[in-house]
> 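Before I ask anything, let me first share the structure, which is written out below as structure tokens.
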Protein chains: 2
Amino acid sequence: MTRQQRSIDKHQRLLQAAEAVVHRQGYHLTTLADIAREAHVPVGGIYYYFRTKESMVEQIITARMAELTRRMEEWERDRPPLARLEALVDIWREDSEIDARYGCPIGSLCYELSRAGARMAGLAARPLLLLREWSEKQFRILGAADPGGGAEHLVMALQGASLVGNAFHDPGAIVRETDRLKTWLRQRVAN
Amino acid sequence: MTRQQRSIDKHQRLLQAAEAVVHRQGYHLTTLADIAREAHVPVGGIYYYFRTKESMVEQIITARMAELTRRMEEWERDRPPLARLEALVDIWREDSEIDARYGCPIGSLCYELSRAGARMAGLAARPLLLLREWSEKQFRILGAADPGGGAEHLVMALQGASLVGNAFHDPGAIVRETDRLKTWLRQRVAN
DNA sequence: GTCTATATGGAGATAGAC
DNA sequence: GTCTATCTCCATATAGAC
């Protein structure tokens, strides 16, 4: 194993630790020391991989976009459009326990960074934008009326479910809303 | 005007300033100095009215609950149940500009305080709980099926609309979702 | 009751040894 | 490339004069 190899590993380890800790504690309450501890890296050593705290969150978001894109491409390969949208909703259903505890990692970061300057706010909104545009594309393929409105509602419902489920610490609330959403999806497509 | 009178005024001024600044900047990014400046009060002078930053946000939430309750009682006096729910949705419609800029003051605080200890998280969730329970009561009066589920969806939709509208800085998105919600409301009640 | 001055603590970030 | 030691800044909170 080369030096460079180890370095990449450590970068990955730090990034995964950062993602986990920021999800649990939120951006503002997370210190770089918290992340260092989680990744078993000395405090100051972080600055070799993340120039600033902001660049760290940038990398989290970039990784999240890549992971989302990967899943969407997978669904586009092996499912019909309606099942793709249901698969998307099922992510929230499956993550209901963790999101009820810590909120949706995408949405909670949007709110936290929305006040941290236009650049950071715009970055945080990108995964949400990806979700909306990809959903709109699926609705369009399905021939649904108002695909843009459908996609908008879908993303809003998922985010609202996560926020309220988190506020009440109630994973059941998230599950119930995903069920309602899937019923709504099938009705919408039937027309 | 007595001394006590002036003191109450200053307390009110500080509380209103705190509410406005925390809405604009979020809890974590707001310093007590920001609030003092907004209220034209010297920095240290805050601590006579707010023991700690946490007690300040407690008072904001308490005031918000009182205001919500006041409005709900007013609607219960002079509107039929369906119009009460529409009036609730219209609050978000009317605040779409400001919420697209700064997020829903209730929901964004829920996410921010959800990691700040169980006590603070529970406090932040109370306005949301009030909204859900009051809405459920209206659905029940209307004889709608699953009033609890209806209320849950209503609150989630409003919060999701605010979060997404804020992320995209798009008041139109919030307005569109309130329109969809009102259509949904009338359909639900028709059954 | 009100304000000034200051203590305290902790965060992000850097310099430089290894 | 990596880690230690440290610097600097600034926010909360307090002590005490008025």
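Because only heavy atoms are used, hydrogens play no part in the values below, and waters and symmetry mates are left out as well, while side chains stay in. In what follows, chains are A, B, ... by sequence order, proteins preceding strands, each numbered from 1.
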> To the nearest Å, give me how far apart CG (A/Leu14) and C1' (D/dG1) are.
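My rounded result for the distance is 13 Å.
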
> Taking ring-ring contact (aromatic ring centres under 6.0 Å, His included) as the test, write out the residues that go with B/Tyr102, two or more places apart.
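Per chain and number, B/Tyr102 pairs via ring-ring contact (aromatic ring centres under 6.0 Å, His included) with B/His23.
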
> Taking side chain to side chain donor-acceptor pair (under 3.5 Å) as the definition, give me every residue that meets it alongside B/Arg70, ordered by chain and number, with sequence neighbours left out.
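Scan of B/Arg70 (side chain to side chain donor-acceptor pair (under 3.5 Å), adjacent residues dropped) gives B/Glu67, B/Glu74.
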
> If I take atom CG in residue B/Asp9 and atom C1' in nucleotide C/dG1, what distance separates them, rounded to the nearest angstrom?
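Nearest whole value for this atom pair: 14 Å.
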
> Please enumerate all residues that pass ring-ring contact (aromatic ring centres under 6.0 Å, His included) together with B/Trp75, with sequence neighbours excluded.
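By the ring-ring contact (aromatic ring centres under 6.0 Å, His included) rule, B/Trp75 matches B/Trp134.
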
> Tell me the interatomic distance from A/Ile46, atom CD1, to D/dT4, atom P, rounded to whole angstroms.
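Whole-Å distance recorded here is 13 Å.
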
> Sequence neighbours excluded, which residues qualify as salt bridge (charged side-chain N to carboxylate O under 4.0 Å, His left out) partners of A/Asp146?
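Partners of A/Asp146 under the salt bridge (charged side-chain N to carboxylate O under 4.0 Å, His left out) test: none.
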
> Treating primed atoms plus P, OP1 and OP2 as sugar-phosphate and everything else as base, which nucleotides of nucleotides 11-18 of chain C get B, S or - for protein heavy atoms under 4.0 Å?
SSBB----

> Answer yes or no: does a side-chain N or O of B/Tyr48 lie under 4.0 Å from OP1 or OP2 of C/dT2?
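Looking at the OP1 and OP2 atoms of C/dT2, neither is under 4.0 Å from any side-chain N or O of B/Tyr48.
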
> Kindly write out the residues that satisfy salt bridge (charged side-chain N to carboxylate O under 4.0 Å, His left out) with B/Asp90, not counting sequence neighbours, or none if the list is empty.
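For B/Asp90, the residues satisfying salt bridge (charged side-chain N to carboxylate O under 4.0 Å, His left out) (neighbours in sequence not counted) are B/Lys182.
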
> Expressed as a whole number of angstroms, how long is the span from B/Lys10:NZ to C/dT2:C1'?
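Atom NZ in B/Lys10 sits about 6 Å away from atom C1' in C/dT2.
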
> Which whole-number value in Å describes the distance from B/Gln25 CD to D/dC10 C1'?
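Rounded to whole Å, this separation is 15 Å.
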
> Within 45° of the six-membered ring axis of B/Phe168 and under 6.0 Å from that ring's centre, is NZ or CZ of A/Arg132 located there?
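Verdict for B/Phe168: a cation-pi partner in A/Arg132.
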
